[in-house]
There are 6 protein chains.
Amino acid sequence: MTIGPSLDLVRMIVRRALSEDIGHGDVTTQAVVPTATRCAGVILARMPGVAAGIEVARIAFDEADASVTFNAGTQDGGGLAAGDVIARLAGPAASILTAERTALNFLQRMSGIATLTRRYVDAVAGLEVRILDTRKTAPGLRVLDKWAVTLGGGSNHRFGLYDGILIKDNHLRIAGGVAAAVRAARSAAPHSLKIQVEVETLGQVQQALDAGADALLLDNMGLADLRYAVEAVGGRALIEASGGVTLATVREIAETGVNYISVGALTHSPPALDIALEISQ
Amino acid sequence: MTIGPSLDLVRMIVRRALSEDIGHGDVTTQAVVPTATRCAGVILARMPGVAAGIEVARIAFDEADASVTFNAGTQDGGGLAAGDVIARLAGPAASILTAERTALNFLQRMSGIATLTRRYVDAVAGLEVRILDTRKTAPGLRVLDKWAVTLGGGSNHRFGLYDGILIKDNHLRIAGGVAAAVRAARSAAPHSLKIQVEVETLGQVQQALDAGADALLLDNMGLADLRYAVEAVGGRALIEASGGVTLATVREIAETGVNYISVGALTHSPPALDIALEISQ
Amino acid sequence: MTIGPSLDLVRMIVRRALSEDIGHGDVTTQAVVPTATRCAGVILARMPGVAAGIEVARIAFDEADASVTFNAGTQDGGGLAAGDVIARLAGPAASILTAERTALNFLQRMSGIATLTRRYVDAVAGLEVRILDTRKTAPGLRVLDKWAVTLGGGSNHRFGLYDGILIKDNHLRIAGGVAAAVRAARSAAPHSLKIQVEVETLGQVQQALDAGADALLLDNMGLADLRYAVEAVGGRALIEASGGVTLATVREIAETGVNYISVGALTHSPPALDIALEISQ
Amino acid sequence: MTIGPSLDLVRMIVRRALSEDIGHGDVTTQAVVPTATRCAGVILARMPGVAAGIEVARIAFDEADASVTFNAGTQDGGGLAAGDVIARLAGPAASILTAERTALNFLQRMSGIATLTRRYVDAVAGLEVRILDTRKTAPGLRVLDKWAVTLGGGSNHRFGLYDGILIKDNHLRIAGGVAAAVRAARSAAPHSLKIQVEVETLGQVQQALDAGADALLLDNMGLADLRYAVEAVGGRALIEASGGVTLATVREIAETGVNYISVGALTHSPPALDIALEISQ
Amino acid sequence: MTIGPSLDLVRMIVRRALSEDIGHGDVTTQAVVPTATRCAGVILARMPGVAAGIEVARIAFDEADASVTFNAGTQDGGGLAAGDVIARLAGPAASILTAERTALNFLQRMSGIATLTRRYVDAVAGLEVRILDTRKTAPGLRVLDKWAVTLGGGSNHRFGLYDGILIKDNHLRIAGGVAAAVRAARSAAPHSLKIQVEVETLGQVQQALDAGADALLLDNMGLADLRYAVEAVGGRALIEASGGVTLATVREIAETGVNYISVGALTHSPPALDIALEISQ
Amino acid sequence: MTIGPSLDLVRMIVRRALSEDIGHGDVTTQAVVPTATRCAGVILARMPGVAAGIEVARIAFDEADASVTFNAGTQDGGGLAAGDVIARLAGPAASILTAERTALNFLQRMSGIATLTRRYVDAVAGLEVRILDTRKTAPGLRVLDKWAVTLGGGSNHRFGLYDGILIKDNHLRIAGGVAAAVRAARSAAPHSLKIQVEVETLGQVQQALDAGADALLLDNMGLADLRYAVEAVGGRALIEASGGVTLATVREIAETGVNYISVGALTHSPPALDIALEISQ
């Protein structure tokens with residue numbers, strides 16, 4: 001089933017976003033929209049893509065005014081054609097107008113991420129590999145960025161520094177090598193966490209396996225080296241490839257047999273999906 | 001001089017981002033990096049662009065550990081070539097490694113925005129027009145997104161619904177027309193705020209001027225119409241053009257004589273600038 | 001229509017006030033009022049004035065206990081005679097008693113501000129001038145203080161340092177004169193904000209107009225000088241008079257033809273309106 | 001020695017006030033004051049009174065910019081003549097200008113309260129009575145309002161519903177009479193709290209004493225009745241008088257021999273003391 | 001009637017506890033429990049004791065998901081046999097499983113405290129003495145720890161440093177003796193608070209009485225001395241005994257005639273009551 | 001090296017604890033301790049045990065007043081004899097007295113946990129097993145409770161629902177058996193997390209292994225069954241035993257060859273270590 005973040009957390013993020021946009025008040029709406037006026041509206045996709053953030057948009061309108069009704073026209077993760085209705089709204093006009101931009105900003109970013117992810121996932125269709133996100137997310141929006149990745153068909157890597165052990169090159173320069181670092185992690189960290197280590201050479205691969213690493217990160221490695229590493233590991237550890245992965249290269253990387261390919265661009269450079277709200281009185 | 005946001009606000013955003021990433025603790029670093037180890041590091045640009053977020057990154061390391069020294073190699077708004085040093089760091093290795101990703105996430109997004117903005121600004125070089133941002137920002141990061149725009153040479157539109165009056169098409173559908181809406185705004189809103197209204201026809205332009213609008217928003221209007229509107233207004237109100245502006249079209253739009261061109265893509269779809277931290281012990 | 005602040009913001013202020021008063025618990029009520037006891041009560045004006053804060057009081061009881069019913073006897077901005085019913089309450093006695101003081105404190109302050117404002121507004125009846133508030137508000141209560149001013153018939157000046165440009169004497173001492181300051185503001189600030197500058201001499205008035213100021217602040221200027229300035233400006237900028245305005249002097253100041261008169265006392269020294277809650281079992 | 005509130009609490013109140021005023025940034029100062037400019041300034045009393053809030057103003061500038069120096073010209077509780085220097089400031093001009101209004105708002109309110117309190121205290125000079133505040137404070141500012149009362153020579157009543165038991169008329173209507181209410185309070189509340197009850201008749205005075213009340217509140221009682229009650233109590237409980245106390249009546253009330261006189265106006269209607277900041281470059 | 005803390009405060013504590021446990025999401029439940037699945041469950045006591053925290057557990061499930069129904073099988077303060085049903089739950093399985101541990105942690109701690117308190121209260125049955133708690137509570141949980149004490153039949157001492165005056169040995173070393181300290185407290189503190197002082201000798205008892213102390217704290221005093229002090233005080237002040245009180249010694253201490261016996265162990269070392277949730281589909 | 005939680009998190013917990021205790025102010029200390037008075041003090045163990053919380057106590061005094069000096073007499077995790085100096089303090093007497101109880105409450109709880117943990121660790125000395133904590137911690141104090149466990153020589157289980165997958169009996173009743181649940185978890189959860197499942201029978205052990213579980217939880221299983229399970233698993237998964245473990249039984253459980261033994265009592269029922277602060281002027 002779908003993994004989504006704690007809704008309390010989402011609600012807090014939405015509240016902050018509304019507060020950031022509304023401040024002491026929406027002076028335009030307060031001035032030109034009579035309090036009693038009601039309206040209807042539709043949220044429309046203006047380009048094709050994958051819907052994400054519908055539940056977040058629902059919360060945005062609900063936080064602005066619990067009397068606004070929000071009926072989703074599709075569901076998170078569903079495909080969108082240009083012109084598709086994402087949701088229908090009805091309620092006090094002032095509330096809908098005040099929450100509009102915040103709701104759309106969430107929808108546009110999350111749908112943008114889901115859409116980009118879907119393209120990577122489609123590019124490796126039929127292969128036994130998963131497309132992963134990274135921690136290169138918009139600060140403060142990690143749970144939403146990662147939720148959008150799963151809605152696009154990708155899988156989540158760890159959410160932060162607290163729920164996964166990933167010993168990277170910068171750690172290795174300080175920790176005294178792969179073997180020492182892996183052993184230190186096994187000794188100190190909760191047994192609920194797997195231990196992953198970034199390796200650059202076949203020697204390091206062997207050291208990591210010997211020290212008991214559960215997973216390897218092969219960063220910026222060529223295809224031949226990736227194939228070689230997959231064979232050397234022989235299933236004794238999970239293998240993740242990363243570094244400069246593009247839609248043009250992702251399939252050939254996947255074909256080396258790695259288990260995971262992580263793509264920073266999914267969350268650090270997703271083009272927004274164009275989505276608009278049209279009000280009808 | 002440069003407009004930057006309240007540093008208190010920035011500090012709060014940085015704290016939240018660190019907390020989002022660190023949670024109950026950086027289990028990898030705690031396990032493999034001895035507390036007493038110190039290190040040095042450089043933050044490097046890996047592609048050319050415009051630096052932005054250096055002061056935010058400084059705060060990120062400072063919040064993680066006030067004993068980390070952070071010496072900027074350039075300044076916010078400065079140009080970057082691939083390989084340029086953005087900052088040099090020294091201090092406790094654990095602190096630097098723990099704050100690394102958060103600091104880079106801010107730098108990569110803000111520099112991405114500044115770099116994209118600079119391209120738009122350069123595209124209209126020599127013309128009397130300003131490139132503006134919009135409210136299509138990453139939720140929770142508006143002050144940083146808008147700061148980055150100014151570092152790239154752009155100008156800020158209003159920061160939220162509270163510090164500018166912009167009567168848009170959705171408002172007009174409810175408020176009973178341009179004239180009524182502008183008059184309502186003049187009557188109700190603080191006199192410190194200008195009144196801007198979105199118009200689609202020359203008739204509306206005239207109504208807006210008659211009602212005392214201070215600025216007009218011409219959304220998705222063709223070049224000929226823009227020219228016509230500029231002439232009709234004759235300096236009696238500020239004119240902003242918006243809607244589907246690209247690097248290919250921005251100069252011809254500017255040449256119509258509008259005062260402002262707003263570009264949503266600056267903040268809703270900025271490609272991250274590739275920036276890395278390299279640790280040396 | 002009436003401008004009121006974001007209700008989310010009001011709710012947060014009310015919550016803090018309840019928390020400030022209740023702390024770990026209302027020991028008196030917990031000790032002497034059985035949990036199951038219900039009661040009714042009326043909130044009464046004990047002196048004539050203008051009602052303000054009714055919606056805030058409603059929130060206070062709602063936050064304390066959503067099962068308390070609150071029926072307003074008049075509406076915010078309405079006139080009150082001594083003995084008038086402001087609201088009728090019914091619900092759990094403990095909840096009503098615990099929230100009583102907090103609700104009354106809001107009502108008394110806001111109604112005091114609205115009442116004082118109404119006196120200034122009445123004093124300039126028939127003239128084309130607006131009575132403005134200032135930023136001299138009780139710290140933490142600005143949106144409520146300013147809401148009360150509008151309920152009394154006054155208009156709001158900017159809400160903070162972020163939603164209006166007002167170059168004051170202290171800025172001018174540093175910025176190198178009126179012309180330089182106004183030009184700097186025009187160059188750096190969002191175009192959504194008008195630029196207002198404090199001027200003391202006719203020469204400065206001319207400099208301000210030449211540099212493109214949208215509004216002038218004439219502080220502590222005599223009536224003759226005000227008249228002279230109004231004529232000199234000739235409608236090219238808005239004019240606000242301020243400084244030591246009293247009920248005795250406000251009309252003659254208004255008759256000089258200024259557009260706005262700001263009165264700090266509305267929010268820094270408003271006498272509370274006497275309002276009480278009477279419980280009947 | 002002087003009782004002041006927890007400084008952490010004060011700091012949080014000051015931060016909220018700065019945030020309320022500054023929002024996303026002080027656009028005027030950012031536009032017209034170069035970052036590097038430094039200045040000096042003096043905070044001056046413009047009318048005579050009692051200084052209060054100096055330590056709060058110090059915190060306001062410190063929170064805005066820890067590099068601002070703040071040298072008090074007098075101390076909290078000290079007398080002020082018009083023109084007296086309350087503090088001298090030096091530091092970055094932008095920081096001082098940005099924090100100015102917030103600091104002055106605290107100073108003006110607190111000094112206003114202290115000044116009014118001093119007048120009441122002086123009016124009862126030589127008598128064995130204390131002037132008390134009430135819970136009729138500006139919401140969110142109770143600790144500061146009450147601090148100002150002590151700086152004016154008054155004494156604090158309970159800070160909230162949590163640190164004192166005061167059974168008022170509204171409680172009595174529900175609790176079944178004075179005796180039952182006092183006994184319930186004695187049974188349920190922490191022994192660290194005295195039990196005070198509002199009484200209106202001599203019969204109630206006797207009931208309260210019999211039930212073990214520690215203090216009585218005589219609200220809106222005439223002078224003769226007050227004298228009679230004082231005699232009847234004979235020192236077995238503390239006596240507080242309240243209700244419509246003015247500077248004209250406070251001394252005759254005090255002369256009845258009551259121990260405390262509480263004055264709501266000290267904090268619900270204090271006229272601000274006029275205080276200004278003058279910048280010199 | 002029973003004294004409980006402000007429910008707003010309880011709700012905030014519960015929210016923090018849920019957030020501490022859930023973080024970005026309950027990955028197990030999200031992975032293995034379909035969103036639509038509903039379930040029922042019972043919360044059972046696994047050992048005999050006193051129920052406490054039922055209302056807190058109710059809030060925990062309500063905060064997790066307002067659609068979960070929670071029917072208490074007994075009430076706070078009621079006795080429990082092993083196997084007794086504390087509450088029956090029904091609702092979305094994911095919500096119940098996610099909130100389970102947080103709810104149980106509150107129940108186990110609070111019931112543990114209530115159970116231990118009941119044992120002390122039972123040990124002094126028939127005597128005119130009250131068992132008190134102290135400020136030795138789990139940081140952040142004071143209102144719950146103290147609520148549990150009352151549910152076990154004990155009484156609350158002050159809740160913090162703000163709602164009671166207790167001059168302890170460490171204060172006396174600095175304040176210059178019992179008489180000076182008591183007089184200072186009488187002069188400076190709100191009259192709503194009683195003044196209690198720790199004394200070690202009969203001379204100090206006399207000084208405290210002479211200075212007007214309302215209550216005495218006799219810490220670690222032998223039985224003979226306690227009896228002597230009780231007689232010397234003769235009802236002129238309340239007497240609390242403390243220090244190393246155990247179930248074996250509490251009755252003989254009570255028989256000396258002291259009014260209160262405070263027991264730190266109630267809240268610093270309460271064994272948790274074993275309580276479990278059993279799900280049935 | 002030692003794993004400790006994010007110090008930012010600790011600081012926030014300490015601030016809340018101070019605020020809980022101090023509220024609007026420490027009325028006793030404010031009344032009886034002159035502001036200028038300085039003092040020294042020692043924190044002493046009154047019973048033998050293991051020190052924990054020293055760094056937390058340091059933060060408590062630092063948050064109360066950064067000018068207080070705190071010199072630890074031992075270090076976290078060190079052994080204590082009765083009378084040992086844990087820390088020496090010097091600074092403003094008022095600050096030290098105000099923070100005293102909060103600092104001691106942390107020290108007493110954490111040292112109590114560390115001391116109890118050490119007893120379990122010592123009981124299995126020489127065996128290849130680790131003593132684990134659980135999520136049965138005091139709400140809001142999990143990071144400190146778990147830190148204390150590591151200081152006593154134990155190891156941490158997952159910190160919350162977010163950083164480990166543990167499929168328990170209640171999940172299994174809903175998820176349709178061990179195999180289905182483990183497969184669902186493998187499919188949906190981040191690969192950084194190991195998958196642990198509670199099993200009761202050898203059949204379930206086999207299902208769990210077949211489905212790819214990384215670890216098993218054997219709850220309340222007899223010694224013979226534990227031995228049998230250890231042999232059946234043959235190192236293919238980690239094994240944790242739990243349920244009713246006591247100091248009397250922990251060694252025989254360890255001797256069955258399980259990898260981990262989790263003990264809820266470490267954090268749900270730790271007796272506080274007796275620790276005191278003695279002030280000398």
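Values reported hereafter were calculated over all heavy atoms of this structure, with side chains retained and with hydrogens, waters and symmetry mates removed. Lettering of chains follows the sequences in order, A, B, ..., and the numbering in each one begins at 1.
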Chain F contact via E:Arg109 - side chain, backbone, both or neither, heavy atoms under 4.5 Å = side chain

note = Turns out that what part of E:Thr98 lies under 4.5 Å from chain F's heavy atoms comes down to both

request  = Please state whether the side chain, the backbone, both or neither of F:Gln196 comes within less than 4.5 Å of a heavy atom of chain E.
outcome  = neither

task = Drop me the distance from E:Leu104's CG to F:Lys136's NZ, to the nearest 0.5 angstrom.
result = 8.5 Å

request  = Check whether F:Leu97 gets within reach of chain E through its side chain, its backbone, both or neither, counting any heavy atom under 4.5 Å.
outcome  = side chain

ask   = What heavy-atom pair brings E:Ala181 and F:Val32 nearest, and what distance separates the two atoms?
value = O-CG1, 3.3 Å

request  = Go through F:Val143, F:Asn105, F:Ile165 and name the one with the most non-hydrogen pairs under 4.5 angstrom from chain E.
outcome  = F:Asn105

task = Look only at the side chain of E:Asn170 and the backbone of F:Ile279, and say whether a donor-acceptor pair between them is shorter than 3.5 Å.
result = yes

task = Give a yes or no on whether E:Arg186 atom CZ has more than 12 heavy-atom contacts from other residues, nucleotides or ligands under 6.0 Å away.
result = no

message = I'd like to know whether CZ of E:Arg119 has more than 12 heavy-atom contacts from other residues, nucleotides or ligands below 6.0 angstrom.
response = no

note = One option among F:Ile13, F:Thr137, F:Asp163, F:Val14 has the most heavy-atom pairs under 4.5 Å with chain E, and it is F:Thr137

ask   = Taking every heavy-atom pair that is under 4.5 Å apart, which of E:Pro139, E:Ala17, E:Gly41 has the most such pairs with chain F?
value = E:Pro139

Within residues 164-199 of chain E or reaching into it, pairs that qualify as ring pair (Phe, Tyr, Trp, His ring centres under 6.0 Å) - sequence neighbours excluded = D:His157-E:His191, D:Tyr260-E:His191

inquiry  = The test is side-chain contact (heavy atoms from CB on, under 4.5 Å); show your working for E:Leu193 and F:Val27 and say whether it passes.
reply    = CA-CA 9 Å; E:Leu193 304 179; F:Val27 288; 3.8 Å; yes

task = Check the surroundings of atom CZ in F:Arg58: do more than 12 heavy atoms from other residues, nucleotides or ligands lie under 6.0 Å from it?
result = yes

query = Below 4.5 Å, heavy atoms only, C-beta onward: do F:Thr29 and E:Leu161 meet side chain to side chain?
reply = no

key: Separation of F:Leu277 CG from E:Asp169 CG (nearest 0.5 Å)   = 9.0 Å

key: From CD (F:Glu100) to NZ (E:Lys168), nearest 0.5 Å   = 7.0 Å

query = Got a second to check how far F:Phe159's CZ is from E:Asp21's CG, nearest 0.5 Å?
reply = 12.5 Å

message = For residues 265-275 of chain F, give me every residue with a non-hydrogen atom less than 4.5 Å from any non-hydrogen atom of chain E.
response = F:His268, F:Ser269, F:Pro270, F:Pro271, F:Ala272

inquiry  = At a 4.5 Å cut-off on heavy atoms, which part of F:Arg158 comes close to chain E: side chain, backbone, both, or neither?
reply    = side chain

task = Without swapping roles, check the side chain of F:Thr28 against the backbone of E:Leu166 for a donor-acceptor pair under 3.5 Å.
result = yes

inquiry  = Can you tell me which portion of E:Arg142 sits under 4.5 Å from chain F's heavy atoms? Options are side chain, backbone, both or neither.
reply    = both

query = Looking only at heavy atoms, what is the nearest atom pair of F:Glu20 and E:Tyr162, with distance?
reply = O-CE2, 3.6 Å

